[in-house]
Novice: 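Below is one structure. I have some questions about it.
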Amino acid sequence: MSDAPEPDLDEDIAGLAEFSRAGPGITRLAWTEELRAAYQWLGGRCEEVGLRWNVDAAGNFVARWEVGEGPATLVGSHLDSVPNGGRYDGALGVLAGLHAIRLLKRRGFVPRAPIWLIAFMDEENTRFNTALFGSRAFCGEDITGLGERRDAEDMSLAEAMRPWDRDISQATRAAAVADVGRFVELHVEQGPRLEQQELQVGVVTSIVGMVGYRIEVTGEANHAGTTPMELRRDALCGAARMILAVREIARASKDTTANVGVISVAPASSNVIPGSCHFTLDLRASQDDALGQLEAVCRREIHDIAVTEDLQASLNGTYRMAAVPMDDHLIEVIETAAREEGASTVRLPSGAGHDAMLLARYVPAGMLFVPSRGGVSHSPEEFTDPEDAGRGARVLARVLERLSS
Ligand code: HGY
Ligand code: MN
Ligand code: MN
């Protein structure tokens, strides 16, 4: 039991952070050159501890400690980031998994069954609206229909996969969950609770349900100066009313969130009334019935505003994940491991989505959180103290040891 950081882990966190597009924070999007270089770097670190690695048909990085027999214990998270995000979201889960294996090997521990380390491709959804792409493929879900989803530069996912020498029609060959017995993910909390309550490890009980839409509002482009105010069919003003309305709806109900993170307008000229406006809508709730209710009320309000503004509104679903409980046994194992490490703990739900929410549909899944300074995430300000990161990795090592003994 100690409060010391883990120098190798700190070195890995700094090393991985080098792989990012220029600009504030970390920008390492799905299927980019920065991510591919990060995989190569991580592969080298895995080889140093004797793991063999490869990139599977869906772009997941998988390193294997092939020992013993039986279903593998899978540990990891994701290396792709949001634009100008932090150096811990996803990355710490992968690097803490590597460090946990490093610690076990140093102690001469030999697992009863294989331990695999994974970095799932495109957890963040941010480039192609293809959330959990890699974990869905790993679990055998058919994601081959997503090839035509396009990024902000109008590049399709299928095209973006080509420099990786990956063909989306073959991505289902990544299916390997049948060889996995359980999944454990360490993640930064991305919220304020651990820090506010001065607690060191969060034991995740469930992960929020979420629904994503891409909403297209259509009005009529016209002259900004000659069109009387009462004759305008302004798509941007209609969208603005919709965006504020969904915020009020989410504010009014407990444990729900609504977020509009991306908006675009056409023809985007200062002297033209916007004829069309596209925006994303992300709805979340810790319970499925509350999510269904939130979604229904938002859809109705968007429709009603479109009618009163004489606009068309089309709602295109992009993702839908039910709220999911974590495995009871893994909750116990994680909580016991944290206490054996001398950490103070609390059980809490996750308001962020994670690959674990997908894996949990197929195998027992568990998560542990370490504190985020100020609760900040998806920002260059994201930070976790080295002592907290080191403690999390040691707890993860205890969990892997317990699951593999
Ligand atoms: O959106 C989320 O909650 C996660 O960071 N992808
Ligand atoms: Mn994440
Ligand atoms: Mn994230």
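Atoms considered below: every heavy atom in the structure, side chains included; atoms not considered: hydrogens, waters and symmetry mates. Count residues from 1 along the sequence.
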Novice: Rounded at 0.5 Å granularity, tell me how far NE2 in His329 sits from CZ in Arg402.
Specialist: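 Rounded to the nearest 0.5 Å, the NE2-CZ separation comes out at 5.5 Å.
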Novice: For Glu401, is there an ion pair with Arg107 - N to carboxylate O distance below 4.0 angstrom?
Specialist: yes
Novice: Between Ser20 and Ala17 (side chain of the first, backbone of the second, donor and acceptor by atom type, cut-off under 3.5 Å), is there such a pair?
Specialist: no
Novice: Taking the side chain as every heavy atom from C-beta outward, state whether His378 and Asp89 have any atom pair closer than 4.5 Å.
Specialist: yes
Novice: Charged N to carboxylate O below 4.0 Å: is that the case for Glu33 and Arg21?
Specialist: no
Novice: Got Asp142 and Thr172 here, is their nearest side-chain heavy-atom distance under 4.5 Å?
Specialist: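 Contact flag for Asp142/Thr172 side chains = yes.
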Novice: Tell me if the CD atom of Gln312 is crowded by more than 12 foreign heavy atoms within 6.0 Å.
Specialist: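 For Gln312, atom CD is not crowded (no more than 12 foreign heavy atoms under 6.0 Å).
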Novice: For the aromatic rings, using the six-membered ring if either is Trp, is the centroid distance between Phe138 and Phe183 under 6.0 Å?
Specialist: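 Ring centres of Phe183 and Phe138 not closer than 6.0 Å.
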Novice: If you count every heavy atom of other residues, nucleotides or ligands that lies below 6.0 Å from Glu69 atom CD, does the total exceed 12?
Specialist: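 For Glu69, atom CD is not crowded (no more than 12 foreign heavy atoms under 6.0 Å).
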Novice: Under 3.5 Å, is there a donor on one side chain and an acceptor on the other for Glu66 and Trp116?
Specialist: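 Yes, a side-chain donor-acceptor pair sits under 3.5 Å.
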Novice: When you measure from the side chain of Asp288 to the backbone N and O of Ala322, does any donor-acceptor pair fall under 3.5 Å?
Specialist: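 No.
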Novice: Given side chains that start at C-beta, do those of Ile263 and Leu236 come closer than 4.5 Å, heavy atoms only?
Specialist: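 They are in contact (side-chain heavy atoms under 4.5 Å apart), so the answer is yes.
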Novice: Got a second to check how far Glu159's CD is from Trp31's CH2, nearest 0.5 Å?
Specialist: 13.5 Å
Novice: Check whether any side-chain N or O of Asp327 sits under 3.5 Å from a backbone N or O of Gly366 as a donor-acceptor pair, and report yes or no.
Specialist: no
Novice: Return yes if a side-chain donor-acceptor contact under 3.5 Å exists between Arg64 and Asn54, otherwise no.
Specialist: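 Short answer, yes.
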Novice: May I ask you to check whether Trp164 and Tyr39 place their ring centers less than 6.0 Å from one another?
Specialist: yes
Novice: Verify the neighbour count for atom CZ of Arg106: are there more than 12 heavy atoms of other residues, nucleotides or ligands below 6.0 Å?
Specialist: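 Enclosed: over 12 neighbouring heavy atoms sit under 6.0 Å from CZ of Arg106.
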Novice: Quick check against the 3.5 Å criterion: does Thr130 have a side-chain atom that pairs as donor or acceptor with the backbone of Phe133?
Specialist: no
Novice: Does the side chain of Phe279 reach to within under 4.5 Å of the side chain of Val217, using non-hydrogen atoms?
Specialist: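 The answer is yes; the side chains approach within 4.5 Å.
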Novice: So, do Arg339 and Thr345 sit near enough that their side-chain heavy atoms are less than 4.5 Å apart?
Specialist: yes
Novice: Ignoring hydrogens and geometry, is there a side-chain-to-backbone donor-acceptor pair from Arg36 to Pro163 under 3.5 Å?
Specialist: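 Here the side-chain-to-backbone pair exists.
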Novice: Return yes if a side-chain donor-acceptor contact under 3.5 Å exists between Ser377 and Gln190, otherwise no.
Specialist: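 A pair is found: one side chain offers a donor N or O, the other an acceptor, under 3.5 Å apart.
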Novice: Do we see a donor-acceptor contact under 3.5 Å between the side chains of Asp282 and Tyr319?
Specialist: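 On atom types as modelled, these side chains qualify, holding a pair under 3.5 Å.
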Novice: Would you say Pro83 and Leu29 make side-chain contact, with heavy atoms under 4.5 Å?
Specialist: yes
Novice: Can you check whether Arg299 reaches Tyr213 side chain to side chain, under 4.5 Å on heavy atoms?
Specialist: yes
Novice: To the nearest 0.5 Å, how far apart are CG in Asp56 and CD1 in Ile118?
Specialist: 6.5 Å
Novice: For residues Ile115 and Ser404, determine if any side-chain heavy atom of one lies less than 4.5 Å from a side-chain heavy atom of the other.
Specialist: yes
Novice: Would you call the rings of Phe383 and Tyr88 parallel, tilted or perpendicular, where under 30° means parallel and over 60° means perpendicular?
Specialist: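 Answer is perpendicular, since the angle exceeds 60°.
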Novice: Could you verify whether a donor N or O on one side chain and an acceptor N or O on the other, from Glu382 and Ser379, lie under 3.5 Å apart?
Specialist: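 Their side chains do not contain a donor-acceptor pair, so the 3.5 Å distance test is not met.
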Novice: If we ignore angles and hydrogens, is there a donor and acceptor under 3.5 Å between the side chains of Arg232 and Thr227?
Specialist: no
Novice: Hey, what do you get for CD (Glu185) to OG (Ser77), rounding to the nearest 0.5 Å?
Specialist: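 Answer for the CD-OG pair, Glu185 versus Ser77, is 3.5 Å.
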Novice: Between the side chains of Arg193 and Gln196, does any donor sit under 3.5 Å from an acceptor?
Specialist: no
Novice: Arg300 and His303: side-chain donor and acceptor closer than 3.5 Å?
Specialist: no
Novice: Is there a donor-acceptor contact under 3.5 Å from the side chain of Arg166 to the main chain of Val55?
Specialist: yes
Novice: Salt bridge or not between Glu6 and Arg394? Use side-chain N to carboxylate O under 4.0 Å.
Specialist: yes
Novice: Between the side chain of Asp234 and the main-chain N/O of Ile273, is any donor-acceptor distance below 3.5 Å?
Specialist: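 Checked: no pair found.
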